[in-house]
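A short worksheet on the structure shown next.
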Amino acid sequence: MIAEKSLQTPKLEAKNPYELRLDQGRDVPESAVHEALRTGDMGFLHSFTTGSTVDGPGVRVVGWTAGCQWRCLYCHNPDTWNMMNGIPVGLDRAVEELRKYRQGLKIMHGGFTLSGGEPLMQDRFAVKLLRACKEMGIHTAIETNGYLGSRLSDEELGTIDLVLLGIKTWDRDKHVRLTGKDIANTLGLARRLSARKTPVWIRFVLVPGLTDDEADIAQIAKFTAELGNVERVEVLPFHQMGRFKWERLGLDYTLNDVQPPSPESIERACDLFRAQGLQAF
Ligand code: SF4
């Protein structure tokens with residue numbers, strides 16, 4: 001039995017995922033971490049937030065997991081890269097937290113979104129938590145970079161009502177420079193979800209000088225449109241809200257001089273998606 005850390009300090013609930021949280025799992029023995037990853041009976045969470053209207057349909061509770069194998073240059077939550085920064089939370093406790101919101105989420109046509117970090121770093125926990133949500137009648141969504149999509153069986157993908165899939169850039173070399181990893185797995189998951197007709201929202205972060213090449217965006221738009229299951233594309237403007245975390249963590253932040261994109265360039269990016277018949281915001 002894995003000991004669950006007290007949820008009092010800090011509380012599992014956060015106002016938003018921009019709270020810097022470090023070393024919350026540092027007391028968990030390595031053997032217990034391996035056991036948690038194997039069974040999914042415990043997860044490592046940055047926090048739960050409530051009342052989100054941007055992480056899927058309706059009003060949502062969002063679970064922010066800790067752990068990500070990517071190193072996006074513009075990541076606004078680098079404290080979630082390390083799983084040991086997350087609060088160890090027993091599956092039962094997480095399910096009970098969600099049970100409290102069950103009726104409210106239904107009334108507000110919302111649900112639960114598992115985000116991160118990268119939630120599929122803890123794929124067994126993710127599957128068990130999402131399955132429990134489905135059993136409670138809660139709509140489920142997962143926000144993922146897609147890199148570990150092959151960890152989920154087709155049956156397990158069936159526990160997810162909506163996938164918020166991040167596509168960072170189309171160019172393979174640029175993708176590696178931007179994230180540290182190849183794009184192939186992300187596209188592979190996109191194709192699998194297309195074959196299953198699982199609803200997908202594509203998330204694309206527009207970073208001036210990094211991801212705003214129009215030919216590149218047009219390639220993403222073409223691929224996205226051909227999938228046939230993408231309900232919308234969200235063009236998310238780069239911002240500097242996470243910079244302080246890079247500084248506090250002693251990480252080399254290279255985007256100090258990058259400004260948020262102009263409204264005109266956001267609109268141009270949206271138009272490239274709309275030109276392929278997609279809904280883009
Ligand atoms: S995939 Fe998300 S959490 Fe991971 S480094 Fe990139 S932006 Fe950060």
Side-chain angles (χ1 to χ4, degrees), residues 14 16-22 24-25 43-49 52 54-56 62-87 113-123 125-126 141-152 163-190 200-212 220 233-255 258 260-261:
N16 61 61
Y18 293 106
E19 286 184 16
L20 181 72
R21 294 188 166 186
L22 301 175
Q24 302 304 313
F44 293 82
L45 295 173
H46 174 279
S47 57
F48 269 8
T49 57
S52 168
V54 296
D55 297 295
V62 183
W64 305 93
T65 59
C68 184
Q69 71 289 72
W70 287 18
R71 296 292 177 264
C72 299
L73 298 180
Y74 54 76
C75 182
H76 53 234
N77 283 320
D79 52 335
T80 64
W81 291 352
N82 184 342
M83 215 172 70
M84 291 302 92
N85 283 339
I87 303 170
T113 301
L114 193 62
S115 183
E118 169 48 53
L120 296 184
M121 288 280 285
Q122 305 181 55
D123 55 291
F125 179 75
I142 188 168
E143 180 177 17
T144 177
N145 62 33
Y147 190 70
L148 300 175
S150 62
R151 288 186 173 185
L152 301 191
V163 176
L164 311 178
L165 183 65
I167 296 187
K168 315 292 186 182
T169 184
W170 187 255
D171 182 276
R172 285 183 83 148
D173 292 337
K174 199 201 279 188
H175 195 276
V176 173
R177 287 199 301 279
L178 199 61
T179 70
K181 297 289 182 187
D182 193 84
I183 193 177
N185 289 5
T186 303
L187 303 185
L189 179 63
V200 166
W201 292 5
I202 294 292
R203 288 193 148 176
F204 171 72
V205 181
L206 186 64
V207 191
L210 275 184
T211 68
D212 58 351
I220 299 173
V233 177
E234 297 181 332
V235 176
L236 308 174
F238 165 76
H239 58 71
Q240 295 280 9
M241 284 170 71
R243 177 164 63 181
F244 82 100
K245 291 189 173 184
W246 287 72
E247 289 163 0
R248 288 281 301 277
L249 290 164
L251 296 166
D252 184 21
Y253 185 65
T254 56
L255 306 187
V258 177

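One-based numbering along the sequence shown. Remember, it's a predicted structure, so these values are computed and weren't measured experimentally. Atoms within a ligand are numbered from 1 in the order they appear, just like the ligands themselves.
The count of protein N, O or S atoms under 2.8 Å from atom 4 (Fe) of ligand 1 stands at 1, with waters excluded from the count.
Considering only residues two or more places apart in sequence or on other chains, F48 meets the ring pair (Phe, Tyr, Trp, His ring centres under 6.0 Å) condition with F112. Qualifying ring pair (Phe, Tyr, Trp, His ring centres under 6.0 Å) partners for H175, counting only residues two or more places apart in sequence or in other chains: W70. Applying the ring pair (Phe, Tyr, Trp, His ring centres under 6.0 Å) criterion to F238, with sequence neighbours excluded, gives no partner residue.
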Review point. Would T49 and W64 count as a side chain to side chain donor-acceptor pair (under 3.5 Å) if you check the C-alpha gap in whole Å, the side-chain angles of each, and the deciding distance to 0.1 Å?
Key: CA-CA 8 Å; T49 57; W64 305 93; 2.9 Å; yes
Practice item. Show your reasoning for whether side chain to side chain donor-acceptor pair (under 3.5 Å) applies to Y253 and Q240. Key: CA-CA 11 Å; Y253 185 65; Q240 295 280 9; 2.6 Å; yes
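Screening K168, R172, R177 for a salt bridge (charged side-chain N to carboxylate O under 4.0 Å, His left out) involving D182 leaves a single residue, R172.
Here the protein heavy atom with the shortest distance to atom 2 (Fe) of ligand 1 is K168 NZ, 4.3 Å.
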